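Report on the structure given below.
The analysis underlying the following values was restricted to heavy atoms, covering all of them including side chains, and did not include hydrogens, waters or symmetry mates. Residue numbers start from 1 in every chain, and the chains themselves are labelled A, B, ... in the order their sequence lines are given, proteins ahead of strands. Note that this is a predicted model, so its numbers are computed, not measured.
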Amino acid sequence: MKRLSWLHAWLMLLPALAMLMAFTHIPALTTIWHSLFYPARGSEPEEFAGLDNYRMMLDDDVFWQALNNNLWYALVTVPASMVLALAMALWVNGKIRGRSALRLAYFTPTMLPMIAVANIWLFFYSPEIGLFNKVLGWFGVAGINWLGDTDWALPSLMLMTIWKEAGFFMIFYLAALQALDRDIYDAAALEGASRWYRFRRLTLPLLMPTTLFVLVNAVLNAFKLVDHLFILTKGGPNNASNLLLYYIYENAFSFFDANYAATLTVVLLAMLILLALLQFGVLERRIHYR
Amino acid sequence: MARFTHALSTSAAWLLGLLWILPLLYAFWASTHPAEYATRFDLFAPLTGEHFVTAWNQAPFMRYMLNTVIITGLILTFQLILCTLAGYALARMPFRGRGLVFALVLLQLMVMPEILIVENYRTLSMIDLIDTHIGVGLPYMASAFGIFLLRQTFKTVPQELEDVARLEGCSRLGVLWKVYVPLAKPTYLAYGLVSISHHWNNFLWPLVVTNTESSRPLTVGMAIFGAPESGVDWPVICAGTLIAIGPLLAIFLLFQRRFVQSFMYAGLK
């Protein structure tokens, strides 16, 4: 009976493991394999290309632009949405009038499909009749061609992303805040520590594990969330707002070069694995307040 | 001074809340008023329901919604079964290589199916499942997040409960079904809500694998409906958007406390 236990364990794991293998592990490996071939022409089999696709990638300005955009996109949206999320959580966790209504307002964007709300944002951004330019007009400022200007297209996407993400990250901070031990705060208050001091020296360090968790998820999202590009900019104008995953999609399903798309996917995979190593290796070891 | 900062902070909180809900409020405004009021805000503007009728007639929303429900349901059902079995094995059954298997599972938290659309599309066309409900669901059916969540929960169940049930002659699957699953109800609820809202809103992968009305979910339908090329005007797009997000939004508003708590619960693990 006992001896069969390992067999049972494997049998119970099998369905989930098979699916994970089929749609995560094996594709991650075949991506590398396919990146070494030229795209198939007609019925001919794919021809081995060696590292040609990678050479092409290094010479591809659009790739560098998308990568650069994506790094800026992460660099702006991640801290901005995290700071907002923390502020929201502190507000909603404190004694504020209309607390549950506020919490609902902050959280609602999380529940709405990106693609549907992008339609509404598209209207906000539209040059002649859009809401943003109307508001600017009240102050006598000339309207901006938000999505059509190479300087403004990416920031416009960032703004919408921050709006979409902050409320989601708030939830994690809120959960952590509610699990904090009140006693330490009472003690600190007895010692006469100021609000700001308590926040900086108690709350912030105690929230460190949550911050790490949110940080990793936020960076992941910065590379995986491209839904709004399909509605707002399609990566344009002139690739000014193109992001890596969207460029992968374009190559595979608009330009029909699945092999070059695979090459780009390898880069994305490498970055994510680097992120994972960073999380488990460096950051996890430095943050151990618990 | 302290009261002043407090008032300032409260106003900031409310301003932010207002900004956050603004797109939704605007969609309500635009879709319920005649087109000429789309950018003119007048408290006494007449109400109309025509945009909803136009939107409804312009796209097969019923079909899209049915597809979304089928896909979401299919994914959730498989997720619950697969993650329960795997979560239990990883929590309570010692076997060689458990740590390695767990690490392999967790890898999916980083390498999400969204990243692998190109290869997964290849796989699906190989097994001839492009443009099917099951095809949209397949890459998501084994979820690392679900396995992880259930493993953590099962680990908190006292081992004695299992031992007693086993002594009474209960089989392993029997114990799982009668002891573990009932005790993990809050986790199932939390995971279920998170999963439903995620897949109801998912876009990229469904866009890639569906190409006809028969399998296209709401999100993909919305993208086609709202595309500038389709020449639909703003109020109608807003109305369509509201139709698309309506069911989920209604459920969310009704059970918002549950939703928020579930997301928090899932986030704490």
Note to self: Return the CD1 to CZ distance between Ile171(A) and Arg103(A), rounded to the nearest 0.5 Å.
What the structure shows: 7.0 Å
Check: What residue in Leu24(B), Ile81(B), Val101(B), Leu176(B) has the most heavy-atom pairs under 4.5 Å with chain A?
Finding: Val101(B)
Next item on the list: Identify which of Leu107(B), Val118(B), Leu109(B) forms the greatest number of heavy-atom pairs closer than 4.5 Å to chain A.
Entry: Val118(B)
Checklist line | Interface moiety of Leu124(B) toward chain A, non-hydrogen atoms closer than 4.5 Å | finding: side chain
Margin query: Is Leu245(A) close to chain B through its backbone or its side chain, or both, or neither, when contacts mean heavy atoms under 4.5 Å?
Written below: side chain
Checklist line | Atom group of Ala118(A) that falls short of 4.5 Å from chain B, counting heavy atoms | finding: neither
Item checked: Minimum-distance pair of heavy atoms, taken over all atoms of Ala105(A) and Trp20(B) -> O-CB, 3.7 Å
Note to self: Among Gly98(A), Ala252(A), Ala87(A), which residue has the highest count of heavy-atom pairs closer than 4.5 Å to chain B?
What the structure shows: Gly98(A)
Notebook entry, point to check: Checking heavy atoms, do the side chain of Ile115(A), its backbone, both or neither come under 4.5 Å from chain B?
Noted result: side chain
Next item on the list: Just give me the residue among Tyr88(B), Tyr121(B), Trp14(B) that pairs up with chain A most often, heavy atom to heavy atom, under 4.5 Å.
Entry: Trp14(B)
Next item on the list: Identify which of His25(A), Lys224(A), Met21(A), His34(A) forms the greatest number of heavy-atom pairs closer than 4.5 Å to chain B.
Entry: His34(A)
Note to self: What part of Ser9(B) gets within 4.5 angstrom of chain A, counting heavy atoms only: side chain, backbone, both, or neither?
What the structure shows: both
Checklist line | Leu112(A) side, atom CG; Phe107(A) side, atom CZ - distance, nearest 0.5 Å | finding: 10.0 Å
Notebook entry, point to check: Is it the side chain or the backbone of Pro15(A) that comes within 4.5 Å of chain B heavy atoms, both, or neither?
Noted result: both
Can you give me every donor-acceptor pair (side chain of residues 135-145 of chain B, partner residue at least two apart or in another chain, under 3.5 Å) with its distance?
{"unit_1": "Tyr140(B)", "atom_1": "OH", "unit_2": "Glu114(B)", "atom_2": "OE2", "d": "3.0"}
{"unit_1": "Tyr140(B)", "atom_1": "OH", "unit_2": "Asn202(B)", "atom_2": "ND2", "d": "2.9"}
{"unit_1": "Ser143(B)", "atom_1": "OG", "unit_2": "Phe145(B)", "atom_2": "N", "d": "3.4"}
{"unit_1": "Ser143(B)", "atom_1": "OG", "unit_2": "Gly146(B)", "atom_2": "N", "d": "2.9"}
{"unit_1": "Ser143(B)", "atom_1": "OG", "unit_2": "Tyr191(B)", "atom_2": "OH", "d": "2.9"}

Margin query: Using heavy-atom distances under 4.5 Å, tell me whether Leu207(B) contacts chain A through its side chain, its backbone, both, or neither.
Written below: side chain
Next item on the list: Mark yes or no for whether Thr263(A), through its side chain, and Asn259(A), through its backbone, hold a donor-acceptor pair below 3.5 Å.
Entry: yes
Next item on the list: Just give me the residue among Thr265(A), Ile96(A), Thr31(A), Val117(A) that pairs up with chain B most often, heavy atom to heavy atom, under 4.5 Å.
Entry: Thr31(A)
Notebook entry, point to check: In terms of the angle between their ring planes, are Tyr64(B) and Phe61(B) parallel, tilted or perpendicular, with boundaries placed at 30° and 60°?
Noted result: perpendicular
Item checked: Residue Phe78(B) versus chain A: region with a heavy atom under 4.5 Å -> neither
Next item on the list: Please look at Ala13(B) and chain A and tell me whether the side chain, the backbone, both or neither of the residue comes under 4.5 angstrom of a heavy atom of that chain.
Entry: both
Notebook entry, point to check: Roughly how far, to the nearest 0.5 Å, is the CD1 atom of Ile115(B) from the CE atom of Met110(B)?
Noted result: 11.0 Å
Next item on the list: Side chain from CB out, backbone as N, CA, C, O: work out which of these in Met112(B) comes under 4.5 Å of a heavy atom of chain A, or both, or neither.
Entry: side chain
Item checked: Phe199(A), CZ atom: more than 12 neighbouring heavy atoms under 6.0 Å -> yes
Next item on the list: Start with the C-alpha distance between Leu122(A) and Leu147(A), add both sets of side-chain angles, then the distance that settles side chain to side chain contact (heavy atoms under 4.5 Å, CB included), and finish with yes or no.
Entry: CA-CA 9 Å; Leu122(A) 182 62; Leu147(A) 300 172; 3.6 Å; yes
Check: Quick one: are the ring centres of Trp29(B) and Tyr26(B) less than 6.0 Å apart?
Finding: no
Checklist line | Nearest-0.5 Å distance that lies between atom CG in Leu229(A) and atom CE in Met160(A) | finding: 10.5 Å
Next item on the list: Find the distance between CZ (Arg151(B)) and OG1 (Thr84(B)) and round it off to the nearest 0.5 Å.
Entry: 15.0 Å
Item checked: Leading residue by heavy atom contact count with chain A [cutoff under 4.5 Å; candidates Thr123(B), Ile245(B), Leu116(B)] -> Leu116(B)
Note to self: Is Leu19(B) in contact with chain A via its backbone, its side chain, both, or neither, using a 4.5 Å heavy-atom distance?
What the structure shows: backbone
Item checked: Region of Arg98(B) in contact with chain A, defined by heavy-atom distances below 4.5 Å -> neither
Item checked: Under 4.5 Å from any heavy atom of chain B - which part of Leu268(A) -> side chain
Notebook entry, point to check: Of the backbone (N, CA, C, O) and the side chain (C-beta and beyond), which part of Tyr246(A) lies under 4.5 Å from a heavy atom of chain B, both, or neither?
Noted result: neither
Item checked: Contact origin within Leu225(A) toward chain B - heavy atom pairs under 4.5 Å -> neither
Check: By a 4.5 Å heavy-atom criterion (distance strictly below it), what part of Val226(A) contacts chain B: side chain, backbone, both, or neither?
Finding: side chain
Item checked: Phe252(B) and Leu104(A): CA distance, side-chain angles, deciding distance, side chain to side chain contact (heavy atoms under 4.5 Å, CB included) verdict -> CA-CA 10 Å; Phe252(B) 167 62; Leu104(A) 184 63; 3.6 Å; yes
Next item on the list: Measure Leu173(B) against the heavy atoms of chain A and call it side chain, backbone, both or neither at under 4.5 Å.
Entry: side chain
Item checked: Phe253(A), part contacting chain B, at a heavy-atom distance under 4.5 Å -> side chain
Item checked: Side chain / backbone / both / neither for Trp163(A) at chain B, heavy atoms under 4.5 Å -> both
Next item on the list: Nearest 0.5 Å please: distance from the CD atom of Gln79(B) over to the CD1 atom of Ile147(B).
Entry: 9.5 Å
Note to self: So for Leu249(B), is it side chain, backbone, both, or neither that comes closer than 4.5 Å to the heavy atoms of chain A?
What the structure shows: side chain
Check: What closest approach, in Å, do Asp257(A) and Tyr260(A) show between heavy atoms, and which atom pair accounts for it?
Finding: OD1-N, 3.0 Å
Next item on the list: Considering only heavy atoms and a distance below 4.5 Å, find which of Phe168(A), Tyr173(A), Tyr106(A) pairs most often with chain B.
Entry: Tyr106(A)
Check: For Asn251(A), does its backbone N or O pair with a side-chain atom of Ser254(A) as donor and acceptor, under 3.5 Å?
Finding: no
